[in-house]
Amino acid sequence: MSLVIYNTLSRDKEPFAPLDAGHVRMYVCGPTVYDYVHIGNARPVVAFDVLYRLLKRRYPRVTYVRNITDIDDRIMVRAVDNGETIEALTSRTSGAYQSDMLRLGALAPDVEPRATQYVADMVAMIRRLVDNGHAYAAEGHVLFSVPSMSDYGRLSRRSRDELVAGARVEVAPYKKDPADFVLWKPSADDQPGWPSPWGRGRPGWHIECSAMSARHLGETFDIHAGGLDLIFPHHENEIAQSRSAFGHAIMAKYWMHNGFLNISGEKMSKSLGNFFTVHELLDQHPAEAIRLLLLTAHYRQPLDFTHEGLTQAKATLDRWYGALRGKDARLGNSVPQSVEDALNDDLNTPLAISALHALGDPAELRAGANALGLLQQDPEAWFRWTPAGSAGPSDAEIETAIVARQAARKARDFKESDRIRDELKAKGVILEDGATGTTWKRG
């Protein structure tokens, strides 16, 4: 079965045919690093990591770019609030983001550009837009002229009023058209800034991704992905900038967007007390359980993220790791066809998970789960995971108790044997007796 993906641009599923069969190129919008990222930020990373894994199995070369936005007004405000430099803030938060995504089982992108490293590219691209009549300078700003692009709005399919309402900058007197959006803006002396033909300033948000994708993937490439909330204005404006600068009919051939994530049926909000960062969730739940829950809904559909869902995801992984325990399940097998077929149908991860449940062979189970970035650890390590700050017994204390229990059983002191088992159970440790001895897991 060939890979079929839903293209937001056409609003339809399309067979995937890369521009160059020997080299697939993909760009996914990354975070603005002013704080720890929330669980909603993790959804596109995990969803498109599954796509990256699939493409790597199918094509000889794949270049995956996922950027980091390290210049933004929110970053400037947070740095002042924290009493730290922008460099210190973005270094700390981007490092935490990278670490958290790796813990969630996401493969590192081939390139992870930081916006501040590409300002010269952005200036060059803006100059090109000005020179060819698609942008203009006004009062220290440079703005993209939306009327200069006849099919602006094709991706989002928004009305003229919606386009105006969604413009990134307020309707300022220097704008020729209310829908025009900023490419460059002036910086005050106490704000970060770079030299440019229009004065010292900093880039707008949209131009950053256009410049970084062009540098690493070329003027046109295969897949551009991100959250549903980025369709407009961000992705719409990226298309406008890139196509107008380079004169191509497309920027990316396929546009993919993941759906929103809710917390227990409600939009995530600090005011509602349901705002969770990946960092804090990883302290309290196994990373693979978080990843599995993120994959239980199709990537284009809304996902309800609940603690009950995390509990169920962990129970599912307990069963799968239990099936691998003591078995030879090396990763030599190809992905089972049932799993691969599900993923080829626009990354149908719920169907792929159902296919995993039907697999009886441990090696096939592990190979199929690997396509989803799951079952990546040794089963014993999985069963010994504990939350941060757990007051439960250490591994060594558990092993000592098991030895004492074995001695009691050998002496036929079953009362003592049961006491040790029950005491461990009360501390969250489950013993399982089998033909090869006693194994344990944390409940």
Side-chain angles (χ1 to χ4, degrees), residues 1-6 15-18 20-30 41-66 98 100-112 216-217 221-227 252 254 256-258 278 287-300 303 313 316-317 320 324 329-356 359 363-377:
M1 179 180 178
S2 60
L3 173 61
V4 174
I5 60 178
Y6 183 86
F16 179 68
D20 175 357
H23 183 196
V24 175
R25 292 161 291 156
M26 177 172 74
Y27 187 95
V28 177
C29 286
N41 298 132
R43 191 178 190 194
V45 174
V46 170
F48 300 121
D49 175 70
V50 173
L51 176 61
Y52 182 41
R53 291 167 182 268
L54 187 156
L55 293 171
K56 284 168 70 71
R57 291 194 298 276
R58 182 169 297 224
Y59 294 95
R61 183 184 175 197
V62 180
T63 299
Y64 171 27
V65 178
R66 188 182 70 214
Q98 292 165 329
D100 290 345
M101 295 307 106
L102 287 174
R103 289 176 66 188
L104 284 179
L107 300 175
D110 298 293
V111 187
E112 195 167 34
H216 293 290
L217 298 176
F221 53 94
D222 298 298
I223 298 170
H224 196 314
Y254 303 91
M256 302 179 70
H257 295 92
N258 63 275
V278 177
E288 283 195 14
I290 298 171
R291 183 182 178 96
L292 176 57
L293 180 53
L294 290 171
L295 295 174
T296 54
H298 189 276
Y299 79 94
R300 287 193 286 115
L303 170 65
T316 295
L317 288 161
W320 289 345
L324 300 183
R330 292 175 230 172
L331 267 178
N333 293 36
S334 59
V335 175
Q337 197 61 50
S338 58
V339 175
E340 194 79 339
D341 285 348
L343 297 180
N344 280 331
D345 183 13
D346 191 34
L347 300 184
N348 192 336
T349 55
L351 185 59
I353 291 168
S354 295
L356 290 179
L359 296 174
E364 284 196 337
L365 174 60
R366 185 151 219 169
N370 185 63
L372 296 175
L374 299 169
L375 300 186
Q376 301 294 289
Q377 12 181 343

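Considering CG of Leu294 and CG of Asp49, their distance stands at 11.5 Å, rounded to 0.5 Å. Between Ile5 atom CD1 and Arg300 atom CZ the span is 10.5 Å, to the nearest 0.5 Å.
A donor-acceptor contact shorter than 3.5 Å links the side chain of Arg25 to the backbone of Leu217. Between the side chain of His298 and the backbone N or O of Asp346 there is at least one donor-acceptor pair closer than 3.5 Å. With hydrogens and angles ignored, the 3.5 Å screen pairs a side-chain donor or acceptor of Arg291 with a backbone N or O of Leu372. Between the side chain of Asn348 and the main chain of Ala342, no donor-acceptor pair closer than 3.5 Å is present. Between the side chain of Asp110 and the backbone N or O of Tyr64, at least one donor-acceptor pair lies under 3.5 Å.
Every residue was checked against the ring pair (Phe, Tyr, Trp, His ring centres under 6.0 Å) condition with Tyr6, not counting sequence neighbours, and none meets it. Looking at residues two or more places apart in sequence or on another chain, you find a salt bridge (charged side-chain N to carboxylate O under 4.0 Å, His left out) between Arg66 and Glu112.
By the 4.5 Å heavy-atom criterion applied to side chains, Tyr299 and Thr349 are not counted as neighbours. In this structure, Val335 and Arg53 have side chains that are not in contact, with every pair of non-hydrogen atoms separated by 4.5 Å or more. Within the 4.5 Å cutoff, no side-chain heavy atoms of Val24 are placed close to those of Arg58. With a 4.5 Å cut-off on side-chain heavy atoms, Leu343 and Leu51 do not count as touching. Annotation: side chain of Leu292 is in contact with side chain of Leu317 (closest heavy-atom distance under 4.5 Å).
Under the 30°/60° scheme for interplanar angles, the aromatic rings of His224 and Tyr27 are found to be tilted.
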Report the C-alpha distance between Asn370 and Gln376 in whole Å, list the side-chain angles of each, state the deciding distance to 0.1 Å, and finish with yes or no for side chain to side chain contact (heavy atoms under 4.5 Å, CB included).
CA-CA 7 Å; Asn370 185 63; Gln376 301 294 289; 2.9 Å; yes
Between Leu3 and Leu55, is the side chain to side chain contact (heavy atoms under 4.5 Å, CB included) condition met? List the steps.
CA-CA 9 Å; Leu3 173 61; Leu55 293 171; 4.0 Å; yes
Could you go step by step and tell me if Phe221 and Val65 meet the side chain to side chain contact (heavy atoms under 4.5 Å, CB included) rule?
CA-CA 11 Å; Phe221 53 94; Val65 178; over 6 Å; no
Take Val278 and Asn41 through the test side chain to side chain contact (heavy atoms under 4.5 Å, CB included) and record every step on the way to the result.
CA-CA 8 Å; Val278 177; Asn41 298 132; 5.9 Å; no
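For Arg61, the CZ atom is loosely surrounded, since the number of other residues' heavy atoms within 6.0 Å does not exceed 12.
Checking each of Val4, Asp222, Leu54 against Phe16 for a side-chain contact (heavy atoms from CB on, under 4.5 Å) leaves exactly one that passes, namely Asp222.
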